[in-house]
Amino acid sequence: MLTIKEVLLKSSDFFASKGIDSPRLDAELLMGHALRMSRIQLYMNFDKPLTEDELTCIRGFVKRRSNREPIAYIIEEKGFYKFDFTIVPGVLCPRPDTETIIEVANHWIPKDRDYFICDVGSGSGCIGLSLLLEHPNARLYATDISESALRCTKLNIKRHNLMTRAAPLKGPFLQPIPLERPIDLIVSNPPYIPTSEIEGLAPEVANHEPRLALDGGQDGLDCYRALIQQAAPRIRDGIIVEIGLGQESAVADLMKDAGLIDIELHNDLTDRVRIVSGRKPSI
Ligand code: GLN
């Protein structure tokens with residue numbers, strides 16, 4: 001009978017041979033998920049033999065990962081900022097790059113009054129729901145055109161018990177939010193990859209993540225054009241968006257042209273410009 005240690009070794013060697021970046025970590029995450037054990041528990045039970053059922057389950061996970069399916073889809077979870085979110089195929093896997101939106105928004109959101117946020121293209125809901133968890137006075141509209149993404153947003157609203165403060169709405173950009181509803185802040189990580197570049201991305205992304213969450217049109221900027229145009233007249237406070245590498249001046253210009261001020265660029269955790277924000281001038 002094979003032990004936890006033996007199967008971990010075999011799986012991580014297999015992943016390495018498939019060109020997977022973090023073979024040992026991935027093997028441990030999948031094993032932990034199959035056995036419902038933390039990674040520490042795995043280490044404490046290294047010599048435990050696996051049952052036939054456990055092995056079958058792990059083999060299934062290893063096969064999926066060797067096809068370069070993202071870990072988050074297999075273990076149905078991903079940590080983002082300070083929280084864990086349920087992830088299903090059909091939504092973008094949250095990335096640490098996006099956490100900078102939360103850091104910027106945390107400085108903007110006042111503590112002492114109702115504050116209305118809209119997360120456009122909510123996907124898992126990781127951006128908007130993290131903000132709700134950090135700011136008890138905030139309320140959220142989470143919009144997405146994808147049915148499966150919105151289903152995932154709803155799972156996470158329930159998971160974090162935010163039903164009274166979050167409204168998941170299906171539709172493009174701000175369209176599903178009735179015009180009389182206030183919006184203070186828009187946050188968004190829209191699709192921004194130029195169509196022709198998608199095929200060249202890592203197989204995890206190109207073959208498994210939803211096209212709808214990635215494809216930003218010919219120059220990658222389609223969503224910013226539509227979003228900023230709709231946002232500028234409606235927001236009371238401002239907008240914070242994630243961008244792809246090198247898109248900052250184009251997106252800053254779109255914000256300027258729409259009449260926004262105080263346009264700022266922010267770096268992600270690897271010190272590259274990945275976030276652009278703009279404010280509504282006060283009247
Ligand atoms: N808002 C989600 C995220 O940042 C989904 C973004 C998207 O689908 N482009 O992970």
Side-chain angles (χ1 to χ4, degrees), residues 70-73 76-106 117-134 138 140-157 159-160 162 166-174 176-177 185-195 197-198 201-202 204-206 208-217 220-228 231 239-245 247 251 266 268-269 274-277:
I71 281 279
Y73 293 151
E76 297 179 348
E77 188 167 80
K78 178 91 199 238
F80 175 82
Y81 188 59
K82 298 180 191 169
F83 312 107
D84 288 328
F85 292 93
T86 299
I87 303 300
V88 294
V91 287
L92 197 78
C93 302
R95 289 151 163 79
D97 324 28
T98 310
E99 293 173 6
T100 304
I101 295 190
I102 313 293
E103 310 273 356
V104 176
N106 282 344
I117 301 170
C118 176
D119 180 355
V120 172
S122 57
S124 60
C126 62
I127 303 175
L129 298 177
S130 296
L131 290 174
L132 286 192
L133 289 165
E134 287 287 75
L140 178 73
Y141 311 105
T143 73
D144 207 300
I145 49 173
S146 152
E147 190 66 54
S148 42
L150 213 59
R151 227 177 293 131
C152 189
T153 301
K154 288 178 191 162
L155 288 176
N156 284 310
I157 291 175
R159 175 172 182 158
H160 291 287
L162 292 167
L169 300 167
K170 184 157 187 285
F173 304 107
L174 305 180
I177 307 170
L185 170 67
I186 292 174
V187 284
S188 184
N189 173 23
Y192 53 68
I193 316 277
T195 311
E197 291 177 19
I198 293 178
L201 299 174
E204 280 83 354
V205 185
H208 294 279
E209 294 201 271
R211 231 4 100 106
L212 206 54
L214 302 170
D215 190 344
L221 300 172
D222 281 1
C223 284
Y224 301 107
R225 290 189 193 94
L227 174 61
I228 292 166
I239 178 167
I240 306 171
V241 294
E242 178 170 323
I243 55 159
L245 283 183
Q247 293 176 335
V251 173
H266 312 263
D268 69 6
L269 303 166
R274 296 296 306 287
I275 307 289
V276 183
S277 63

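Whatever order the structure lists them in is the order used to number ligands and atoms, beginning at 1.
Remark: the Thr100 side chain and the Asp268 side chain contain no N/O donor-acceptor pair separated by less than 3.5 Å.
Within the model, atoms CD1 of Ile145 and CG of Leu150 stand 11.0 Å from one another, a figure rounded to the nearest 0.5 Å.
Taking 4.0 Å as the cut-off between side-chain N and carboxylate O, Arg95 and Glu242 do not count as a salt-bridged pair.
Looking at residues two or more places apart in sequence or on another chain, you find a side-chain contact (heavy atoms from CB on, under 4.5 Å) between Ser146 and Asp144, Ser148, Ala149, Leu212.
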List, for ligand 1, each N/O atom that has a protein N/O partner under 3.5 Å away, with both atom names and the distance.
{"unit_1": "ligand 1", "atom_1": "1 (N)", "unit_2": "Gly121", "atom_2": "O", "d": "3.0"}
{"unit_1": "ligand 1", "atom_1": "1 (N)", "unit_2": "Ser122", "atom_2": "O", "d": "3.2"}
{"unit_1": "ligand 1", "atom_1": "4 (O)", "unit_2": "Asn189", "atom_2": "ND2", "d": "2.9"}
{"unit_1": "ligand 1", "atom_1": "9 (N)", "unit_2": "Asn189", "atom_2": "O", "d": "2.8"}
{"unit_1": "ligand 1", "atom_1": "9 (N)", "unit_2": "Ala213", "atom_2": "O", "d": "3.1"}

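Note on ring orientation: taking the six-membered ring where Trp is involved, the planes of Tyr224 and Tyr192 are parallel (angle under 30°, cut-offs 30° and 60°).
At distances below 3.5 Å, not a single donor-acceptor pair connects side-chain atoms of Glu204 with backbone N or O atoms of Pro70.
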